[in-house]
Amino acid sequence: MRISELSSKSGVAIPTIKYYLREGMLHQGEQTAATRAEYDETHLRRLRLIRALLDVGRLSVASIKKIVAAVEDESMPVHQMLGTAHWALSPAVEPEPGEEWQAARAEVDAFVKDLGWDVHPGAPTRDELAQTLIRMRQLGVPVDLAPYVEVVRKLVSEVEMRAIPFDGPRDAAVEALVLGTVLYGRALDTLRRMAQESESARRMSSSVEPDA
């Protein structure tokens, strides 16, 4: 297909497609003339991935380039490729000086080990959870993650991971991971807040004495 058709099918403007080509985020088409190239389904799939990373993942161009490089490196195992996307999705957390941070970080490491989870020692999620534990204790919020672990374990194993085509195109696998991580995360948070509102209403209504 010509670039005009690629633009029409993908919904991405031609100048934007040309920018992705210049930046190496989108692989070049097959040159058929000096000023003409043909594109195929792999370009459509790559554009879907880029838009997912930009619009849903809210990632920077620099982060997207790293993920695209991982996708194109066929020697990189799929797990490692997906890990590259996971790390890019994680917010930057600066370790805090002092014993409080060291204790929280050690607690997270022990927590992950007790769960039997295979999480890289340098994964940014470890620092993110450590920071969250510190803030919870500073604000007097009870730290009981066990009920959340069970919910997450079931959601990930029975829903999210099943949606990832591990044996399919690498672009599609990363796209599914990003969409699942971000969108299911938003849906879960929204449903939790809706359930809180409903439960609050139920408890308050049950505490009201009926009129005689």
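Every value quoted in this text rests on a predicted model; they were computed, and no experiment measured them. Index from 1, following the sequence.
Thr132 places a side-chain N or O within 3.5 Å of a backbone atom of Glu128 that can act as its donor or acceptor partner. In this structure a side-chain-to-backbone donor-acceptor pair under 3.5 Å is present from Arg46 to Met25. Using a distance-only test at 3.5 Å, with no hydrogens or angles considered, no donor-acceptor pair links the side chain of Arg48 to the main chain of Ala172.
The number of heavy atoms from other shown groups lying within 6.0 Å of CG (Asp167) does not exceed 12.
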Evaluation steps, side chain to side chain contact (heavy atoms under 4.5 Å, CB included), between Met161 and Phe166: CA-CA 9 Å; Met161 288 296 105; Phe166 286 95; 3.9 Å; yes
Evaluation steps, salt bridge (charged side-chain N to carboxylate O under 4.0 Å, His left out), between Glu5 and Arg2: CA-CA 5 Å; Glu5 186 179 356; Arg2 300 282 299 278; over 6 Å; no
Audit row: Met1, Leu44, side chain to side chain contact (heavy atoms under 4.5 Å, CB included) steps and yes/no: CA-CA 10 Å; Met1 72 186 84; Leu44 276 174; 4.0 Å; yes
Side chain to side chain contact (heavy atoms under 4.5 Å, CB included) between Met81 and Glu74, intermediate numbers included: CA-CA 9 Å; Met81 175 190 70; Glu74 296 287 345; over 6 Å; no
Audit row: Leu47, Tyr39, side chain to side chain contact (heavy atoms under 4.5 Å, CB included) steps and yes/no: CA-CA 12 Å; Leu47 286 174; Tyr39 303 90; over 6 Å; no
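In this structure, the separation between CG on Leu89 and OG1 on Thr125 is 11.5 Å, given to the nearest 0.5 Å. Put simply, CG on Leu82 and CD on Gln80 are 10.5 Å apart, with the number rounded to the nearest 0.5 Å.
Ring pair His43/His27 is parallel by interplanar angle, where below 30° counts as parallel and above 60° as perpendicular.
For the 3.5 Å distance criterion, the side chains of Arg135 and Gln138 qualify, holding a donor opposite an acceptor.
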